[in-house]
**Student:** 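Structure provided below as structure tokens; questions to follow.
Owing to the predicted nature of the structure, the values given are computational and were not obtained by experimental measurement.
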Amino acid sequence: MTDDLAAASTADPELLDVPEVATAVIRDRVPPAGLRDFFDRSFRILPEVVAGQGATIEGQAFCVYRAESDATLDLEVGFAVDRDLRPERDVRAGCLPAGRVARIVHAGGFDGLAAAWEHLRAWIDEQGLAAEPLRWEVYLTKPAPDMDPTDLRTELNWPVAQR
């Protein structure tokens with residue numbers, strides 16, 4: 001592990017079995033330059049729709065990466081909720097899948113997430129496991145314009161299977 005990555009990770013990766021979690025999500029294919037607008041718009045709409053349907057948000061915001069290319073990312077952003085929602089505006093019911101995940105917590109700004117994902121991928125390989133295509137981030141701290149990026153904590157979750 002590089003010194004920069006070691007300083008940016010709050011703990012070593014671990015393997016966990018996680019339950020399925022009901023979610024409210026917005027999914028889209030987004031060019032990298034449009035990520036900030038997509039996140040801002042989604043996280044403005046989601047709480048309105050969840051509250052409007054009498055549901056409760058039960059966790060921090062997350063982002064699921066389904067597929068990526070050089071041109072776009074297939075993303076799903078949302079919140080864990082206490083019940084399935086009916087489709088409204090761009091919000092749909094979804095779920096984070098049950099199963100075994102490799103997990104690490106990244107400490108620091110979002111610009112360090114790519115290196116943290118690479119570190120987690122290398123660790124998965126070292127364990128003799130296969131990384132599944134889907135993976136997700138949970139934003140343990142809510143970003144704010146005036147905060148120090150080193151205070152951000154992001155949980156990285158990557159479903160794995162035996163080779």
**Student:** Check whether any side-chain heavy atom of C63 lies under 4.5 Å from a side-chain heavy atom of Y139, and answer yes or no.
**Tutor:**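 Yes. Closest side-chain heavy atoms under 4.5 Å.
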**Student:** Looking at side-chain heavy atoms only, is the closest gap between V105 and L140 below 4.5 Å?
**Tutor:** yes
**Student:** Would you find a donor on one side and an acceptor on the other, under 3.5 Å apart, between the side chain of E137 and the backbone of V64?
**Tutor:** no
**Student:** Is any side-chain heavy atom of P159 less than 4.5 Å from a side-chain heavy atom of L134?
**Tutor:** yes
**Student:** Is there a donor-acceptor pair closer than 3.5 Å between any side-chain N or O of D84 and the backbone N or O of A93?
**Tutor:** no
**Student:** Where is the tightest heavy-atom contact between R121 and A131, given as atom of each residue plus distance?
**Tutor:**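 Closest heavy-atom pair between R121 and A131: NH1-CB, 2.8 Å.
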**Student:** Considering only residues two or more places apart or on different chains, which pairs with a residue in residues 93-102 satisfy side chain to side chain donor-acceptor pair (under 3.5 Å)?
**Tutor:** D17-R100
**Student:** Counting neighbours of CD on E20 that are heavy atoms of other residues, nucleotides or ligands and sit closer than 6.0 Å, is the number greater than 12?
**Tutor:** yes
**Student:** Minimum heavy-atom separation for P32 and A71, please, with both atom names.
**Tutor:**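 So the two residues come closest at CD-O, 3.4 Å.
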**Student:** Answer yes or no: does atom CZ of R83 have more than 12 heavy-atom neighbours from other residues, nucleotides or ligands under 6.0 Å?
**Tutor:** yes
**Student:** Measuring only between side-chain heavy atoms, which start at C-beta, is V91 closer than 4.5 Å to I45?
**Tutor:** yes
**Student:** Locate the shortest heavy-atom distance separating A24 from L85; write the atom from each residue and the value.
**Tutor:**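 Taking A24 first and L85 second, the nearest heavy atoms are CB-CD1, 3.3 Å.
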**Student:** Scan for side chain to side chain donor-acceptor pair (under 3.5 Å) pairs involving residues 39-50, sequence neighbours excluded, and state none if there are none.
**Tutor:** R41-D90, E48-R89
**Student:** Answer yes or no: are there more than 12 heavy-atom neighbours, outside R86 itself, under 6.0 Å from its atom CZ?
**Tutor:**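 Open.
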**Student:** Run the side-chain contact (heavy atoms from CB on, under 4.5 Å) check on R27 and R92 step by step: do they pass?
**Tutor:** CA-CA 8 Å; R27 184 174 178 182; R92 303 287 177 265; over 6 Å; no
**Student:** Measuring from R29:CZ to T72:OG1, what's the distance to the nearest 0.5 Å?
**Tutor:** 3.5 Å
**Student:** Please report the interatomic distance CG(L75) to OH(Y65), rounded to the nearest 0.5 Å.
**Tutor:**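 Rounded to the nearest 0.5 Å, the CG-OH separation comes to 6.5 Å.
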**Student:** Please list all pairs passing the ring-ring contact (aromatic ring centres under 6.0 Å, His included) test where one or both residues lie in residues 37-64, with sequence neighbours left out.
**Tutor:**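 For residues 37-64: F39-F43, F43-F79.
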**Student:** Report the distance from atom CD1 of I124 to atom CZ of R135, rounding to the nearest 0.5 Å.
**Tutor:** 9.5 Å
**Student:** Tell me, do D151 and T141 make a side-chain contact under 4.5 Å, heavy atoms counted?
**Tutor:**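 A side-chain contact is absent here, since even the closest heavy-atom pair is not under 4.5 Å.
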**Student:** Any side-chain heavy atom of D37 within less than 4.5 Å of one from V30?
**Tutor:** no
**Student:** Go through it in stages, so that I can follow the logic: the residues are E155 and N157, the test is side chain to side chain donor-acceptor pair (under 3.5 Å), and I'd like the CA-CA distance, side-chain angles, deciding distance and then a yes or no.
**Tutor:** CA-CA 7 Å; E155 179 185 277; N157 296 275; 3.0 Å; yes
**Student:** Mind checking the OG1-CG spacing from T23 to L96? Nearest 0.5 Å is all I need.
**Tutor:** 5.5 Å
**Student:** For the side chain of T154 and the backbone of H106, is there at least one donor-acceptor N/O pair under 3.5 Å apart?
**Tutor:**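 Between the backbone of H106 and the side chain of T154 there is no qualifying donor-acceptor contact (under 3.5 Å).
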**Student:** Between W158 and R103, is there a cation-pi geometry (under 6.0 Å to ring centre, at most 45° from the normal)?
**Tutor:** no
**Student:** Just verifying a value: how many Å separate D82 CG and I57 CD1, rounded to the nearest 0.5 Å?
**Tutor:** 10.0 Å
**Student:** Can you give me the closest heavy-atom contact between E132 and A161, atom names plus distance?
**Tutor:** OE2-CB, 3.1 Å
**Student:** Could you state the interatomic distance from CG (L152) to CG (D111), rounded to the nearest 0.5 Å?
**Tutor:** 9.5 Å
**Student:** I want to check something: taking the side chain as every heavy atom from C-beta on, are V101 and L15 in contact at a cut-off of under 4.5 Å?
**Tutor:**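 A side-chain contact under 4.5 Å is absent here.
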**Student:** To check you understand the geometry: which heavy-atom pair defines the closest contact between G78 and L46, and what is its length?
**Tutor:**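 Of all heavy-atom pairs spanning G78 and L46, the closest is CA-CD1, 3.6 Å.
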**Student:** Quick one: does any side-chain atom of D148 pair with a main-chain N or O of T150 as donor and acceptor, under 3.5 Å?
**Tutor:**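 Yes, the answer is positive, given that a donor and an acceptor are paired below the 3.5 Å cut-off.
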**Student:** Please give me the minimum heavy-atom distance between P97 and V18, naming the atom from each residue.
**Tutor:** O-CG2, 3.7 Å
